[in-house]
Every structure is written in structure tokens, then in C-alpha cells.
Amino acid sequence: MSPRRRRVLALLGGLGLLAAAVALVLNALQSNLVFFFTPTQVAAREAPTHGSFRVGGLVQEGSVQRDGLKLRFIVTDTAHAVPVTYQGLLPDLFREGKGVVAAGKLDADGVFHASEVLAKHDENYMPPEAADALKRAAAGATANTARADAR
């Protein structure tokens with residue numbers, strides 16, 4: 001085998017190994033990505049039906065139901081709501097009317113089964129996506145009320 005042919009084969013082998021490494025890294029990143037959706041986006045069916053994602057908003061007042069470690073509550077952005085179930089220990093700051101982000105999967109019935117629940121860590125903090133969603137939902141609700149009043 002000529003030296004030129006050996007170099008070409010070595011280069012092709014190296015490119016093949018590089019492509020395999022890139023494919024493995026991209027696959028690992030894709031399987032670990034968890035996207036954030038608001039209850040309005042979930043209601044509009046923008047959230048994935050397969051796979052995990054996060055839903056965030058406020059815990060609706062009067063919606064928390066406890067049965068031992070099993071918990072049911074509703075996450076709302078004031079425009080739409082998503083029922084959530086969770087089994088486990090909750091963060092100390094979890095309260096009705098406060099911000100929450102839940103990670104998990106949505107079932108066919110529209111119930112979000114959370115594997116993790118995160119509460120905001122102080123009175124001033126809320127994830128930017130959740131704060132923007134609440135502002136948009138409040139603006140939409142105000143516009144809808146104004147249209148109804150005009151009729």
C-alpha cells in the first residue's frame with residue numbers, strides 16, 4: 001500500500017471517529033434537554049406529548065390536595081391551568097398562590113405527572129419565562145375583559 005493511500009485511509013478513519021463522537025454527544029444533549037412551557041402553551045398543545053418538559057406558573061389558590069406523600073395541585077398562568085400530580089417531598093417554599101416549576105410528563109388525559117417540583121426561592125425571583133408568561137396572560141385577560149365590557 002502506498003503512503004498516499006495510507007494517509008487517505010487514516011484521514012477517513014479519523015473523520016469517521018469524529019463523526020461518531022459528535023453523534024454521541026448530540027444524542028446525549030438531546031436526551032437531557034428539558035424545555036419550559038406555560039399552561040397556555042400546554043393548553044394550545046405546543047408542549048411535547050412524548051418526553052419530559054417543565055411547566056411553570058402559579059399554584060392556584062385552593063387547588064392543593066394532599067394524600068400522604070401524594071399531591072395534586074393546579075398550575076396556572078391566570079389564563080389557563082394544568083392539573084399536576086406529584087409524589088414526594090415538596091420544597092419548603094411551596095405554597096398556594098406562589099410560583100412553581102414542575103418537571104415531568106403530560107399524559108393523554110392532560111394531567112401533568114411531575115417527577116420534580118421547584119418553588120421560587122424568595123419573594124422577588126421568578127424564572128424569566130414564567131414572569132413573561134404571566135404578564136402576557138394578564139394582558140390577554142385584560143383585553144378580553146375590555147372587549148366583553150364594550151359589548
Side-chain angles (χ1 to χ4, degrees), residues 12-151:
L12 289 175
L15 287 175
L17 288 173
L18 180 63
V22 167
L24 288 172
V25 167
L26 289 176
N27 186 33
L29 285 176
Q30 185 177 14
S31 65
N32 288 326
L33 284 179
V34 179
F35 293 102
F36 176 87
F37 292 92
T38 65
T40 298
Q41 291 172 312
V42 173
R45 301 201 192 301
E46 295 176 19
T49 55
H50 299 11
S52 296
F53 65 94
R54 290 182 177 175
V55 65
L58 300 174
V59 178
Q60 187 172 332
E61 294 285 340
S63 70
V64 177
Q65 301 171 357
R66 297 176 193 261
D67 180 20
L69 286 180
K70 291 183 183 181
L71 182 75
R72 299 179 70 83
F73 60 96
I74 296 175
V75 174
T76 183
D77 60 3
T78 68
H80 291 90
V82 175
V84 178
T85 63
Y86 177 69
Q87 183 166 344
L89 298 174
L90 288 170
D92 291 337
L93 297 176
F94 181 87
R95 302 272 187 280
E96 292 179 350
K98 300 293 183 179
V100 68
V101 175
K105 296 181 180 184
L106 191 67
D107 70 8
D109 296 331
V111 177
F112 189 80
H113 297 281
S115 57
E116 179 181 26
V117 173
L118 306 170
K120 65 180 185 174
H121 58 43
D122 70 12
E123 286 302 312
N124 300 318
Y125 176 78
M126 182 176 288
E129 298 92 348
D132 291 341
L134 288 172
K135 286 177 189 173
R136 284 194 309 271
T142 303
N144 290 340
T145 303
R147 275 187 247 136
D149 291 341
R151 292 182 189 163

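Residue numbers run from 1 in the order of the sequence given.
Residues Lys105 and Gly51 come closest through the heavy atom pair CG-O, 3.7 Å. Nearest heavy-atom pair across Pro39 and Val75 is CG-O, 3.6 Å. Contact record, Ala47 with Phe53: CB-CZ, 3.6 Å, taken as the closest heavy-atom pair. The two residues Val117 and Pro91 have their closest heavy-atom pair at O-CG, 3.3 Å.
In this structure, CD on Gln60 lies 10.5 Å from OG1 on Thr78, to the nearest 0.5 angstrom. Atom CZ of Arg136 and atom OG1 of Thr38 lie 6.5 Å apart (nearest 0.5 Å). In this structure, NZ in Lys98 is found 9.0 Å from CG in Leu93, a value given to the nearest 0.5 Å. Taking CD1 of Ile74 as the start and CD of Gln65 as the end, the distance is 8.0 Å to the nearest 0.5 Å. Here Leu90 contributes atom CG and Leu118 contributes atom CG; the two are 11.0 Å apart, rounded to the nearest 0.5 Å.
The side-chain contact (heavy atoms from CB on, under 4.5 Å) test applied to Pro83 returns Val111, not counting sequence neighbours. Contacts of Ser63 classified as side chain to side chain donor-acceptor pair (under 3.5 Å), with partners at least two apart in sequence or in another chain: none. Take Leu69 and apply the side-chain contact (heavy atoms from CB on, under 4.5 Å) test, not counting sequence neighbours, and it matches Gln87, Leu89.
Within the structure, side-chain hydrogen bond (donor to acceptor under 3.5 Å, both in side chains) contacts touching residues 67-76 (residues at least two apart or in different chains) do not occur. Among residue pairs with one or both ends in residues 56-87, those qualifying as ring-ring contact (aromatic ring centres under 6.0 Å, His included) are Phe73-Phe94; sequence neighbours excluded.
Inter-residue side-chain proximity for Val59 and Glu96 is flagged as met; some heavy-atom pair is nearer than 4.5 Å.
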